[in-house]
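Just below is one structure, and these are the notes that go with it.
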Amino acid sequence: VQQLDPEQEQILVDQARTQPEAFRTLYNAYFPRVYAYVAYRVARVEDAEDLVSDIFLKSVERFHQFESRGIGSFAAWLFRIAHNQVQDFYRRHRRLDDQLQLEALLNLQDSAPQPDAVLVQKEQFAHLRRLISTLSPRRQEVISLKFFGRLRNREIADILGLDERAVASHLCRALEDLHQKYTDSQIWESEGNQDERTR
Amino acid sequence: MNGRDDARELTDEDRELLAYVDTLLHEPTADAAAHEPSSIHGFSARLADAAPQVDPIFHKQLGERLATAYIARRSAQPRRRVPAWFGRSSQILIATAAGVTVIALLIGLIVSSLRPAAPPVATAPTAAAQTAQPAPTSVPPTTIPATLAPSPTAAPTPIRPVVVPGQPFPLRRSELNIGVVSHLYYTDRERVLTLTQSAGFEWVRQQIVWKDVEGPTPGNYVWDEVDNIVNDVSAHNLKLLVNITQSPPFYTDDGSDGLPNDPKPLGDFIQAMAERYGNKIAAYEIWNEPNLAVENGGRVTAADAGRYVELLAESYNRIKQVSPAAYVLAGAPSSSGVNNPTRAMADLDYLRAMYEYKDGMIKDFFDAQATHPGGSANPPDTLWPELPSSAQGWTDDSTFYFRHVENVRNLMIEYGLGERQIWVTEFGWATPNTTPGYEFGNQMTFERQAEFIIGAINRTYTTYQDEQGRSWVGVMFLWNMNWSVLRSREGEPEHEQASFSILNPDWSPRPAYLALQGYLAQLRQQRERQ
């Protein structure tokens with residue numbers, strides 16, 4: 001995922017108020033981050049796509065209401081919309097177990113034969129998502145915003161109403177916990193060994 | 001489970017890990033993974049790479065939908081935003097030129113939406129676009145006194161906000177204040193207000209029922225007991241928030257006490273009130289829980305949120321003309337996840353409808369947003385779904401939690417309203433009672449009630465701050481002081497309203513009263529030291 005340089009992003013954000021080309025650049029830069037964040041928060045691809053669509057459409061509708069507060073504020077604003085949409089989704093469905101319906105993810109786009117690398121990526125995604133879903137809801141949120149939304153701790157703190165130290169602490173604990181679970185599961189370890197053999 | 005999810009102190013190893021993760025995500029280098037801290041070697045780099053598969057067709061189609069939405073948005077804006085000093089023909093020319101430019105750019109946008117993003121370049125905007133969009137800000141400031149707002153069905157002249165030179169907007173409290181909702185009508189008011197002061201509250205919220213003051217004919221105001229209430233609160237050096245609600249029947253289509261058809265009579269009433277009491281009224285909250293059907297004449301839909309905004313705008317202008325230093329609050333929706341026109345509209349949906357009405361016109365017409373977060377039997381640090389309470393029932397929706405106020409704050413920031421504070425004009429916890437629908441209170445004790453109330457205030461005081469360290473809550477009002485006394489007098493000492501009180505029916509203090517007395521004194525001392 002290629003991220004925009006923060007200062008250039010600031011310029012783009014200002015330009016995007018009047019120039020669709022600048023908005024397109026922001027969309028292309030943020031799409032993979034928003035999609036990855038949402039895909040880790042909801043299980044079904046259809047739901048993820050609906051949510052991502054709603055998030056970006058709302059961002060267009062409300063862009064004129066965005067109050068820029070310097071570098072990083074656009075990311076925090078956009079992901080706050082994303083966070084609100086995901087929260088709304090759960091409020092409407094009222095079922096946390098939606099998060100655990102992983103089967104759909106293994107059949108992501110279509111049933112056509114796919115390259116091995118793509119299948120491995122899908123399996124890794126599903127495996128990792130399964131591990132993340134065992135964390136507390138708050139840590140799931142912190143990990144998703146950090147690694148998939150690629151936000152800085154200050155931005156995550158703003159969105160979740162925590163202080164920055166609490167975000168840092170949750171992040172460390174969640175990473176250690178996930179690392180332990182990942183090591184225990186051994187799945188990727190064995191792939192690593194295979195890689196070693198074929199090298 | 002109490003849902004606690006405590007953070008820990010950071011060690012040097014933690015800091016090393018955090019610095020590594022930030023480098024990995026924001027300034028990746030070819031050998032980043034080689035320098036990953038040994039505690040989680042190889043894992044965070046793999047996590048950062050584990051992106052889900054994305055359908056490129058979905059990416060492209062969404063890009064096209066955004067382009068359409070962008071152009072629709074843009075084509076709607078120039079007419080509104082061209083300053084008044086432009087002639088009408090200039091506006092048409094500019095709007096046309098901007099439209100042509102945008103269409104040309106969008107053709108490029110759609111065609112190139114599958115290409116990798118071009119590196120951002122700070123190109124100069126075209127002259128046409130620049131002229132058509134002079135500023136990202138809203139209506140130019142004006143010092144023209146507002147004229148009376150037309151009714152929603154009358155001439156389409158938009159209502160303009162009163163702007164008082166030298167008066168900041170929006171008005172904010174510089175620090176968190178604590179108040180209480182009291183019943184001051186036809187009671188031993190001296191006793192209530194003395195107890196209010198003694199507990200350490202700084203504010204009192206009193207509901208003023210419009211239909212009880214105006215009538216039997218339109219324009220006939222009988223202030224009666226309202227005079228005594230306002231004067232007595234002022235004599236006790238307490239600040240007064242009035243919550244105005246319930247229309248006289250002759251102002252609604254169906255003779256109900258819901259929102260009036262026309263904002264003008266409400267404006268007349270509020271202006272008369274402001275002129276009569278001046279700065280003895282420090283703040284006005286317009287209507288109570290308008291997202292409930294019962295507060296809205298028996299039925300509520302998104303269109304009513306728009307009607308509400310018209311009423312708020314009219315009220316704002318009338319108040320500011322007379323009392324520019326008074327706070328004007330957008331009324332608190334009831335904390336509810338229900339969407340049923342005969343019962344309620346979910347509070348966040350109602351707020352969205354308010355904030356979106358006429359392209360966000362509300363932003364010029366309120367100082368702070370009032371909210372009534374729930375509580376049920378849930379501790380104040382819990383929140384659905386991220387940190388659910390272990391109470392029995394009333395736990396599976398965020399509206400049952402005090403921390404739902406954070407969702408309201410998030411929504412406000414989403415709509416560019418983050419500069420406005422939230423005023424929590426009702427919060428509290430029920431205790432055992434016999435009212436159907438409030439059974440959650442039966443899990444509570446008076447001691448727990450005290451613990452939760454202090455916990456909520458402490459959480460607000462210590463963590464509800466914006467990036468500049470300013471409190472984003474202005475005032476919070478505990479529900480309630482003395483309903484136990486009133487309900488007991490009416491033969492209903494176990495009514496739910498009585499169960500929320502911090503006084504017993506015989507006026508003696510409940511544990512919450514005593515706990516507040518101690519906590520608020522500490523809070524005051526802490527402030528004085530700062």
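By convention in this document, chain letters (A, B, ...) are assigned in the order of the sequence lines, proteins followed by strands, and residues within each chain are numbered from 1. Below, all heavy atoms of this structure are taken into account, side chains as well, without hydrogens, waters or symmetry copies. Small disclaimer: the values here were computed from a predicted structure and weren't measured.
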Original post:
Say you draw a straight line from CZ of A:R24 to CG of B:L66; how long is it, rounded to the nearest 0.5 Å?
Top reply: 12.0 Å

Original post:
Are any non-hydrogen side-chain atoms of A:K58 and B:R352 less than 4.5 angstrom apart?
Top reply: yes

Original post:
Can you find a heavy atom in the side chain of A:S136 that is under 4.5 Å from one in the side chain of B:L387?
Top reply: no

Original post:
If you take all heavy atoms of B:P385 and A:P137, which pair is closest and at what distance?
Top reply: O-CG, 3.5 Å

Original post:
Tell me, side chain or backbone of A:F31 under 4.5 Å from chain B's heavy atoms, or both, or neither?
Top reply: side chain

**OP:** Examine whether an atom of B:L18 lies under 4.5 Å from a heavy atom of chain A, and if so say whether it belongs to the side chain, the backbone or both; otherwise answer neither.
**Re:** side chain

Subject >> Closest non-hydrogen atom pair between A:K146 and B:V21, with its separation >> reply: CE-CG1, 3.7 Å

**OP:** Check salt bridge (Lys or Arg N to Asp or Glu O under 4.0 Å) between B:E356 and all other residues, then give those that pass, not counting sequence neighbours.
**Re:** A:R62

Original post:
Could you give the distance from OH (B:Y70) to CZ (A:F63), rounded to the nearest 0.5 Å?
Top reply: 7.5 Å

Subject >> Proximity breakdown for B:R15 and chain A, heavy-atom pairs closer than 4.5 Å >> reply: neither

**OP:** Could you pull out the closest heavy-atom pair between B:L10 and A:A168, with the gap in Å?
**Re:** CD1-CB, 3.8 Å

Original post:
Given that the side chain runs from C-beta out, which part of A:Q85 has a heavy atom under 4.5 Å from chain B: side chain, backbone, both or neither?
Top reply: side chain

Subject >> Side-chain heavy atoms of A:Q87 within contact of B:L348, under 4.5 Å >> reply: no

**OP:** Just give me the residue among A:L178, A:L171, A:D163 that pairs up with chain B most often, heavy atom to heavy atom, under 4.5 Å.
**Re:** A:L178

Original post:
Any idea which of A:F147, A:F66, A:F148, A:W77 has the most non-hydrogen atom pairs under 4.5 angstrom with chain B?
Top reply: A:F147

Original post:
Where does A:A174 contact chain B at under 4.5 Å (heavy atoms): side chain, backbone, both or neither?
Top reply: neither

Original post:
Which heavy atom in A:Y27 sits nearest to a heavy atom in B:G63, and how many Å separate them?
Top reply: OH-N, 3.3 Å

Subject >> For chain A, which residues of residues 465-472 of chain B have heavy atoms nearer than 4.5 angstrom >> reply: B:E467

Subject >> Contact origin within B:Y355 toward chain A - heavy atom pairs under 4.5 Å >> reply: backbone

**OP:** Go through the atoms of A:L151 and report whether side chain, backbone, both or neither lie under 4.5 Å from a heavy atom of chain B.
**Re:** backbone

Subject >> Shortest non-hydrogen contact from B:L62 toward A:S53 >> reply: CD1-CA, 3.7 Å

**OP:** Identify which part of A:V52 has an atom lying under 4.5 Å from any heavy atom of chain B, answering side chain, backbone, both or neither.
**Re:** both

Original post:
Given a strict heavy-atom distance threshold of 4.5 Å, which part of A:D88 is in contact with chain B: side chain, backbone, both, or neither?
Top reply: side chain

Original post:
To the nearest 0.5 Å, how far apart are OH in A:Y90 and CD in B:E386?
Top reply: 13.0 Å

Subject >> A:R80 with B:E414: basic N within carboxylate O range, under 4.0 Å >> reply: no

Original post:
Hey, is CD on A:E7 packed in by over 12 heavy atoms from elsewhere, all under 6.0 Å?
Top reply: no

Original post:
Which heavy atom of A:D158 sits nearest a heavy atom of B:N410, and at what distance?
Top reply: O-OD1, 4.4 Å

Subject >> Heavy-atom check, side chain of B:E406 versus side chain of A:I159, under 4.5 Å >> reply: no

Subject >> Distance (rounded to the nearest 0.5 Å) between B:E13 CD and A:E176 CD >> reply: 8.0 Å

